[in-house]
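Reading through the structure tokens given below for one structure.
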Amino acid sequence: LRMAAAGAAGQEKQLAPTLLSFFIYNPKLGPKEGEEEKKILFYHPNEVEKNEKIRNVGLCEAIVQFTRTFSPTKPAKSLHTQKNRQFFHEPEENFWMVMVVRNPIIEKHKDGKPVYEYQEEELLDKVYSSVLQQCYSMYKLFNGTFLRAMEDGGVKVLKERLEKFFHRYLQTLHLQSCDLLDVFCGISFFPLDKMTYLKIQSFINRMEESLNIVKYTAFLYNDQLIWSGLEQDDMRILYKYLTTSLFPRHMEPELAGRDSPIRAEMPGNLQHYGRFLTGPLNLNDPETKCRFPKIFVNTDDTYEELHLIVYKNLTSAFSLPDTASIPPTLEFCRKLDSIVGPQLTVLASDICEQYNINKRISGAEKEPQFKFIYFNHMNLAEKSTIHMRKTPSVSLASVHPDLMKILGDINSDFSRVDEDEEIIVKAMSDYWVVGKKSDQRELYVILNQKNVNLIEVNEEVKKLCATQFNNIFFLD
Amino acid sequence: MGRDPPGPAEDEAPGAAAAAAGAAGREGGGEEGEGRARGGAEAGGCYLALCARPVQFEKANPVNCVFFDEANKQVFAVRSGGATGVVVKGLEDRNPISFRMEDKGEVKCIKFSLGNKILAVQRTLKSVDFLNFIPDSPQLEYTQECKTKNANILGFCWTSSTEIVFITDQGIEFYQVLPEKRSLKLLKNQSINVNWYMYCPESSVILLSTTVLGNVLQPFYFKSGTMAKLSKFEIELPAAPKSSKLSLSERDIAMATIYGQLYVLYLRHHSRTSNSTGAEVVLYHLLREGSCKKTHILKLNRTGKFALNVVDNLVVVHHQDTETSVIFDIKLKGEFDGSTTIHQFVLPPRSIQPYQIPVAGPASVTSQAPVPCKLYSSSWIVFQPDIIISASEGYLWSLQVKLEPVVNLLLDKGKLMDFLLQRKECKMVILSVCSQMLSEPERGSLSVIATVFDKLNQEYKKYLEAEQSYTMVVETGLSRSNPLLKRPVRTQAVIDQSDMYTHVLSVFTEKKEAPHKFTIAVLMEYIRSLNQFQIAVQHYLYELVIKTLVQHNLFYMLHQFLQYHVLSDSKPLACLLLSLESIYPPAHQLSLDMLKRLSTANDEIVEVLLSKHQVLAALRFIRGIGGHDSISARKFLDAAKQAEDEMLFYTIFRFFEQRNQRLRGNPSFTPGEHCEEHVTFFKQVFGEHALMKPTTF
């Protein structure tokens with residue numbers, strides 16, 4: 001009963017893991033002795049003294065070089081030390097990203113003096129490696145590849161872009177609340193019947209036809225994805241941006257509702273509630289700026305530069321990146337608003353109605369509430385009843401961190417083998433944690449029932465599978 | 001129409017304008033329109049044509065009288081009162097009937113009963129003569145005088161093979177002809193003052209013009225020996241007539257069946273409303289029960305001489321002054337004023353397609369070029385529903401509607417579909433419209449394409465539903481109690497998935513000229529439309545979608561479609577997915593999911609798993625569904641051995657030993673299971689002692 005113990009002890013204080021440093025370097029940029037500083041493309045915190053920066057970069061370089069002798073294709077990914085952990089990632093050839101995270105600490109008081117106990121084994125490699133990889137993906141989404149920046153304007157441009165992006169982005173990393181979901185970086189799909197889905201398809205196709213500069217469309221409802229015209233990997237990171245950053249930032253006016261003064265300030269939106277989350281704020285103001293963020297997709301292949309237009313209508317939102325050559329004009333925005341706005345309102349109410357019907361039919365409300373996380377590697381579908389609604393900064397797990405850590409451990413076990421597996425763990429108090437892997441799917445269930453045995457736990461999980469996953473091939 | 005056919009015109013020269021006088025028939029009243037451009041043939045896109053094989057007869061001349069019978073659609077050429085021969089030619093039966101009859105005076109009217117059984121000839125105002133054409137029946141003529149004293153016979157019409165109606169100026173007389181007795185039996189008569197009459201053979205309705213003005217019409221309906229008087233109705237005349245003389249001419253009235261309903265068509269030369277000057281056709285819907293209702297007004301927007309035809313449920317109005325015709329479709333949307341619907345013509349006015357008369361002459365001079373036929377000639381006589389006769393030239397045509405030219409005249413594709421779907425011979429035209437709107441240069445927008453698909457599928461669904469309810473009635477045995485039940489007719493307007501696939505979609509996807517985005521959007525739009533009308537989508541359409549997506553490497557799109565079950569589950573689809581696994585690995589998972597949902601494909605699931613050497617997974621699956629007692633041990637052991645995993649083989653082998661023990665009380669395999677080589681292999685690897693010992697009690 002660690003939770004209780006932590007509370008009772010009183011003097012004990014847990015200090016969450018924090019970001020110590022984050023840097024990006026390319027060893028080829030300063031190969032000669034004395035020019036080591038040239039290798040460093042970005043270093044956080046910037047205040048660190050130059051020699052220390054060089055020393056740290058050199059150390060990482062040496063570790064990677066050293067481990068490469070044992071495993072030429074898979075050099076070291078992380079380095080464990082008592083006080084911290086370092087994660088290495090080489091997203092593009094010779095470009096290395098390093099993230100140093102301080103281990104969580106328990107602060108105890110002995111004889112009135114604080115004593116720090118570093119918890120070396122608390123952090124999960126997979127979770128933080130994934131966080132590091134996402135840092136790169138997010139950078140690439142808005143800036144393109146490192147290499148492209150070098151081609152555009154050499155080291156100088158790359159450094160500027162890195163500085164501009166990571167300076168803000170690193171502040172949004174909430175390392176203390178990273179967990180299994182960061183490993184998956186999945187997409188939550190909105191369940192929908194075939195007919196409504198086809199209507200949406202039809203709507204998107206017609207909209208793309210009439211607004212012919214729109215190249216791809218993604219359609220979301222309730223922060224859940226329904227359709228993506230983008231490829232999976234691009235959608236994955238865009239989805240993360242939309243749901244964890246852009247949408248939450250615009251949540252407040254939404255919650256204010258239709259009668260709020262905010263609405264009243266937006267004339268011209270009488271028939272529908274559509275508005276731009278990127279781009280112009282007020283379509284009736286000719287002075288308004290039509291600036292849309294650029295994004296980069298298909299970087300391995302066609303390398304497309306697009307404008308990200310996010311248009312939202314109460315609960316259904318969608319983004320329409322389009323070709324970047326000419327930025328969309330205000331006139332275009334108005335056209336989009338007039339075409340899409342009213343139709344989207346109709347569709348949204350269709351979806352909502354269908355959703356309520358489905359909920360009634362399946363009796364979803366009556367079902368026993370299992371706490372589970374589901375992930376499918378094939379389509380990145382993710383479903384969690386453990387996490388509360390995502391906020392701008394964090395996605396909060398509603399269970400004890402220790403249980404989350406067990407989930408992470410099971411996940412690490414799963415990724416080591418290809419076979420289907422099932423792991424059942426008896427956790428503290430009356431908790432059981434079950435992990436199942438079937439083909440490319442993973443399911444983690446947390447049960448809390450008094451005095452149950454292994455067989456009963458197994459039965460419970462079977463019940464869950466029968467109700468939640470009866471239409472997929474999921475081995476019992 | 002009972003009135004005697006196009007006047008015998010004995011005293012007129014062929015082609016003389018006077019021919020129209022006796023025959024003006026349906027050509028309409030006399031107002032001359034303002035001077036206007038002639039023709040319209042040069043404008044192209046003629047959507048009306050005369051049939052290619054007309055009935056040719058000897059042209060009317062002083063010794064040859066020509067008559068037309070609307071009921072049998074036959075032309076009678078009577079030479080010298082019949083003495084030198086009567087030749088009867090029909091539009092339907094091409095073999096002419098020739099006979100001679102005694103010349104007993106001028107023939108006023110001559111008609112066969114239905115089935116050419118009895119010939120009726122009117123030569124005087126008081127009586128009609130009959131002649132049997134039934135083999136082995138008396139061949140002598142017999143006569144029937146009209147019963148009403150001092151009445152003059154206006155004409156007669158056959159309502160069946162042996163029933164005839166005389167229309168006199170004082171009423172109607174309904175007779176049964178008894179050919180064996182050479183006599184007639186009066187079935188019923190009715191006194192009423194008659195100005196003129198009209199007969200619609202299709203519906204067996206005779207319309208009588210009564211009252212002084214002639215605008216009160218009294219319909220009678222005849223069926224197997226019975227005569228029913230329907231409620232009379234009044235035709236609204238354009239303006240209150242000044243004098244009390246006959247104000248409604250039969251030339252301005254026609255009867256025709258349109259969309260299965262009987263209508264009286266009235267050609268009103270002046271609209272009642274003062275603000276519009278053009279003539280109009282007013283449609284009165286004639287019901288067997290209840291009163292006749294004015295339902296539609298067809299705006300002609302012009303004045304002059306008109307004639308009406310009804311072809312393929314379209315009202316065709318010919319205008320002699322401009323030598324053009326227009327068509328109306330009362331099923332198309334019009335302007336509804338609360339009681340009547342006002343229609344404008346569907347297509348711009350066009351002339352009937354130019355027609356060449358083949359020159360008949362001595363064989364030696366056949367090289368002579370064919371002569372163009374004078375269209376809209378004043379010697380033309382028009383009959384319902386679709387007959388045009390040129391008495392002076394000796395031709396009878398049926399009028400036809402050509403659908404191909406319509407495609408380029410009706411640019412609104414939705415309206416075009418509404419129009420085409422109501423036409424008899426529409427299928428190939430509709431399919432070509434579909435193909436056309438999917439390819440350059442006339443590619444339609446997706447919303448237009450969606451509209452067209454929806455219209456097609458609405459019609460398709462209507463048929464499926466009718467078919468389904470018919471099948472249900474038949475299966476439940478209720479059909480015996482309902483003798484009227486008929487299998488629904490599949491018209492050409494029913495364009496099903498296989499038609500669309502064969503003629504439109506597969507061709508379109510193969511052409512590859514359109515961007516793939518458009519191709520996929522079209523396929524999805526068709527599937528959306530089918531779903532909207534709750535029509536089960538055929539597997540080959542899904543296959544087409546998958547093929548197209550795979551060709552363009554759009555696997556993620558495919559994945560999403562499958563995820564939302566847009567492509568419905570089926571074994572063939574699951575197998576198709578399995579075949580994609582090598583180029584798109586997640587197809588394996590999608591396929592297995594699909595097989596699982598089908599719940600009838602458990603054997604396939606086991607096969608798929610075994611083929612991937614997932615022997616344990618296969619065994620767990622089959623055990624999960626309770627089928628592990630009947631599976632073949634050999635199949636699993638084979639797969640386990642191929643997996644080259646000794647522990648796996650051991651596990652599987654042990655499982656089946658235990659099954660043998662449980663089912664037969666002995667762990668060893670029976671010879672029928674053909675597992676000898678596996679037992680040998682097991683012993684080789686794990687030793688004989690590892691074999692399970694039989695449990696004895």
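A, B, ... follow the sequence lines: proteins, then strands. Residue 1 opens every chain. None of the values given here were measured: they were computed from a predicted structure.
Side-chain contact of A:Tyr216 with A:Asp234: a donor-acceptor pair under 3.5 Å is absent, judged by distance alone.
Heavy atoms of B:Ile527 lying under 4.5 Å from chain A belong to its backbone as well as its side chain. Interface remark: B:Glu525 contributes side-chain atoms only to the contact with chain A (heavy atom separation under 4.5 Å). With a threshold of 4.5 angstrom between heavy atoms, A:Ser210 does not approach chain B through any atom at all. Looking at B:His559, the atoms closer than 4.5 Å to chain A (heavy atoms on both sides) all sit in the side chain, from C-beta outward. Heavy atoms closer than 4.5 Å to chain B are found in the side chain of A:Glu209, but not in its backbone. Of the two parts of A:Asp193, neither the backbone nor the side chain holds a non-hydrogen atom closer than 4.5 Å to a non-hydrogen atom of chain B. Interface residue A:Gln201: only side-chain heavy atoms are found under 4.5 Å from chain B. Proximity to chain A is absent for every atom of B:Phe555, based on heavy atoms less than 4.5 angstrom apart.
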One pair to check against side-chain contact (heavy atoms from CB on, under 4.5 Å): A:Ser228 and B:Tyr556. What are the steps and the verdict? CA-CA 9 Å; A:Ser228 164; B:Tyr556 190 44; 3.8 Å; yes
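The residue among B:Met524, B:Gln560, B:Lys596, B:Gln532 with the most heavy atom pairs within less than 4.5 Å of chain A is B:Gln560. Of all the listed residues (B:Gln563, B:Gln614, B:Met557, B:Arg623), the one sharing the greatest number of non-hydrogen pairs under 4.5 Å with chain A is B:Gln563. Per-residue counts of heavy-atom pairs under 4.5 Å with chain A were compared for B:Gln589, B:Arg528, B:His565; the largest is that of B:Gln589.
Less than 6.0 angstrom separates the ring centroid of B:Phe561 from the ring centroid of A:Trp227.
The backbone N or O of B:Ala587 sits nowhere less than 3.5 Å from a side-chain atom of B:Ser591 that would complete a donor-acceptor pair. A donor-acceptor pair is defined here as one N or O able to donate and one able to accept, closer than 3.5 Å; such a pair exists between the side chain of A:Asp420 and the backbone of A:Asp439.
Residues B:His628 and B:Arg659 have side chains not in contact (no heavy-atom distance under 4.5 Å, counting atoms from C-beta outward). Between A:Gln440 and B:Pro586 the shortest side-chain heavy-atom distance does not fall below 4.5 Å.
Geometric assessment of A:Arg441 against the ring of A:Tyr374 yields a negative cation-pi assignment under the 6.0 Å and 45° thresholds.
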